[in-house]
Asks: 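Got a structure for you, questions after.
As a basis for the values below, the full set of heavy atoms in this structure was taken, side chains included, without hydrogen atoms, waters or symmetry mates. Computed from a predicted model, the values in this text were never measured in an experiment.
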Amino acid sequence: MNTPPYDIAISGAGPVGSTLALLLALRTERPERIALMGRRFTPVGKDHCQEADPRTLALNHGSRVLLEHLGAWPDAAADITTVHVSQRGRLGRTLIRHEELGVAQLGSVVGYDAVLASLHQALERSGITRLEGSPSPSHGIGCAEFILDGQPVRSALAVQSDGARPQGIERQYGQNALLAMVRASRPRSGWAFERFTAHGPLAFLPHPQGDDIYGVVWCSPPAEANRLLQLQQAEFEQALQSMFGNRLGTLRCIGERHIFPLSMHAGPSLINPRTVAIGNAAQTLHPVAGQGLNLGLRDAAQLSQALTPWLAFPGSDPQPSLAQFAKSRRPDRWLTAGVTDVLPRIFATGNPLIEHACGLALLALDLLPPLRAPLARQLLQGLRI
């Protein structure tokens with residue numbers, strides 16, 4: 001059997017796949033044997049088929065440090081220094097501040113397109129091989145294989161980072177996320193808000209486009225989300241103001257609104273002895289607390305570490321390294337998935353006793369820092385073992 005032309009082939013050139021490729025390029029003497037398959041980022045305006053992605057991403061402190069290390073941190077970012085968590089109609093709230101964790105910021109909000117553009121610019125300097133197109137997994141003999149535009153792409157091992165839905169655990173939340181942008185008359189610098197309502201969580205995130213602009217993620221049942229989408233601007237502003245309150249003064253909607261369905265899917269990290277899944281190919285999460293991409297970036301960082309010894313001898317069997325990676329990632333993956341799965345459901349049971357208990361829990365977290373610290377650190381950098 002001839003040696004495969006690539007040591008590692010990565011399916012998906014989104015943020016997680018691109019980050020993994022950059023990390024691996026730093027750990028091998030032959031970065032050209034790392035193949036990244038997927039669409040190249042095209043700035044809006046240069047491709048009439050390309051539309052701006054409306055999503056913003058809340059990247060925690062650990063993710064920011066990682067992207068800065070790779071030279072892929074975007075120029076425009078809005079820092080989060082305080083997170084305010086509350087429950088509509090019930091007592092109890094908690095604040096998480098950056099000072100108590102000893103960091104300059106808890107995280108930052110960036111545009112999806114801005115992150116992807118910075119990563120792809122760094123990829124151009126990395127020396128890895130770029131293969132444009134939409135790959136599909138195939139069955140190689142003694143190697144991993146994808147089919148790209150009808151041609152096989154063979155490698156010693158393969159990584160699926162997006163474009164494939166995890167097979168395993170599935171939960172339909174019966175919620176859609178409505179995305180919007182608002183301008184606040186009394187903005188609070190560095191503050192982010194997570195407000196739990198009877199229909200689902202409502203998040204306000206500082207926005208990189210301006211100090212008085214917030215990105216809104218409003219989760220509610222599909223029929224309600226569609227109703228909110230169809231409201232006239234003044235009616236939508238009134239509904240949002242009623243749900244959120246006056247913490248930021250008067251809210252004025254700017255730009256278009258968008259809807260995304262919400263569900264959770266999680267599957268094994270190790271697909272077969274030569275294929276591993278990370279990021280959205282391993283788990284897709286509810287957006288509460290903004291943990292999805294942060295978890296995927298931790299997948300990429302830990303996989304690159306696990307593969308470092310193997311990259312020195314790429315002709316050897318990768319299975320032990322991949323199996324160790326899958327085992328080591330399990331605690332962080334399932335804890336993060338569990339937290340993001342339970343939070344939106346427990347606050348929306350409609351049971352007054354449970355809602356009051358949740359309010360008391362928020363109050364306890366606020367009054368007792370030893371209780372708050374583990375949750376804050378999990379959100380800040382994930383589970384470290």
Side-chain angles (χ1 to χ4, degrees), residues 56-67 77-110 184 186-197 200-208 211 213-219 243-248 285-295 297-298 332 335-348 355-384:
T56 54
L57 304 170
L59 295 178
N60 63 23
H61 177 73
S63 295
R64 176 169 183 160
V65 170
L66 173 62
L67 295 183
D79 289 344
I80 298 173
T81 56
T82 303
V83 176
H84 180 287
V85 185
S86 65
Q87 181 181 197
R88 185 174 186 264
R90 304 294 181 191
L91 295 175
R93 69 99 171 99
T94 192
L95 297 178
I96 301 174
R97 299 180 175 89
H98 70 103
E99 298 95 340
E100 63 188 276
L101 294 172
V103 294
Q105 63 278 124
L106 297 172
S108 303
V109 180
V110 294
R186 297 201 306 270
R188 304 191 70 169
S189 178
W191 281 56
F193 298 84
E194 188 84 64
R195 185 159 174 78
F196 292 96
T197 78
L202 168 63
F204 273 60
L205 301 173
H207 200 283
D211 294 339
I213 297 177
Y214 288 81
V216 175
V217 183
W218 191 350
C219 302
M243 188 65 66
F244 181 73
N246 298 315
R247 293 173 180 82
L248 297 174
L285 308 180
H286 192 287
V288 65
Q291 290 300 295
L293 179 54
N294 294 298
L295 182 61
L297 293 179
R298 296 200 295 273
D332 186 25
L335 177 59
T336 305
V339 169
T340 58
D341 178 52
V342 169
L343 282 178
R345 293 190 297 117
I346 196 171
F347 278 94
E355 291 177 355
H356 281 300
C358 289
L360 290 174
L362 290 176
L363 180 61
L365 287 173
D366 194 55
L367 296 176
L368 301 171
L371 292 180
R372 186 171 64 249
L375 174 62
R377 292 199 177 279
Q378 168 66 21
L379 300 179
L380 185 72
Q381 61 184 19
L383 180 65
R384 303 301 174 104

Asks: Can you find a heavy atom in the side chain of Arg247 that is under 4.5 Å from one in the side chain of Phe204?
Replies: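 SC-SC contact between Arg247 and Phe204 ruled out.
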
Asks: Holding to side chain to side chain contact (heavy atoms under 4.5 Å, CB included), I want the full list of residues that pass it with His98, two or more places apart in sequence or in another chain.
Replies: Thr81, Val103, Leu106

Asks: Run the side chain to side chain donor-acceptor pair (under 3.5 Å) test against Arg188 and tell me which residues pass, sequence neighbours left out.
Replies: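 Counting only residues at least two positions away or on another chain, Arg188 forms no side chain to side chain donor-acceptor pair (under 3.5 Å).
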
Asks: Measure the CH2-CG distance between Trp191 and Leu95 for me, rounded to the nearest 0.5 Å.
Replies: 5.0 Å

Asks: To the nearest 0.5 Å, tell me how far Met243 CE sits from Thr197 OG1.
Replies: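 The OG1 atom of Thr197 is 5.0 Å from CE of Met243, to the nearest 0.5 Å.
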
Asks: Rounded to the nearest 0.5 Å, what separation is found between the CG atom of Leu297 and the CG atom of Leu59?
Replies: 6.5 Å

Asks: Could you pull out all residues at least two apart from His207 that satisfy side chain to side chain donor-acceptor pair (under 3.5 Å)?
Replies: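 Result, side chain to side chain donor-acceptor pair (under 3.5 Å) vs His207: none returned.
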
Asks: Identify the heavy atoms of Pro206 and Val109 that sit nearest to each other, and give their distance.
Replies: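 Looks like O-CB, 3.2 Å.
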
Asks: Sequence neighbours excluded, which residues qualify as ring pair (Phe, Tyr, Trp, His ring centres under 6.0 Å) partners of Tyr214?
Replies: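 Counting only residues at least two positions away or on another chain, Tyr214 forms no ring pair (Phe, Tyr, Trp, His ring centres under 6.0 Å).
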
Asks: Which residues pass the side chain to side chain donor-acceptor pair (under 3.5 Å) test with Ser108, not counting sequence neighbours?
Replies: Arg64, Asp79

Asks: Tell me the closest heavy-atom pair linking Pro187 and Asp211, and the distance in Å.
Replies: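 Answer, listing the atom of Pro187 first, then Asp211: CB-O, 3.5 Å.
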
Asks: For the atom pair CG (Leu293) and CZ (Arg298), what is the distance rounded to the nearest 0.5 Å?
Replies: 10.0 Å

Asks: Roughly how far, to the nearest 0.5 Å, is CG of Asn60 from CG of Asn294?
Replies: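 Result: 3.5 Å between the selected atoms.
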
Asks: Return the CD1 to CD distance between Ile80 and Gln105, rounded to the nearest 0.5 Å.
Replies: 9.5 Å

Asks: Parallel, tilted or perpendicular: which fits the ring planes of His84 and Phe193, with parallel below 30° and perpendicular above 60°?
Replies: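 Plane angle between 30° and 60°, so tilted.
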
Asks: Looking only at heavy atoms, which two atoms of Thr340 and His286 are closest? And how far apart?
Replies: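 Scanning both residues, the minimum pair turns out to be O-CB, 3.6 Å.
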
Asks: What verdict does the side-chain hydrogen bond (donor to acceptor under 3.5 Å, both in side chains) test give for Ser86 and Arg195, after you've listed the backbone C-alpha separation in whole Å, the side-chain angles of each residue and the deciding distance to 0.1 Å?
Replies: CA-CA 5 Å; Ser86 65; Arg195 185 159 174 78; 3.0 Å; yes

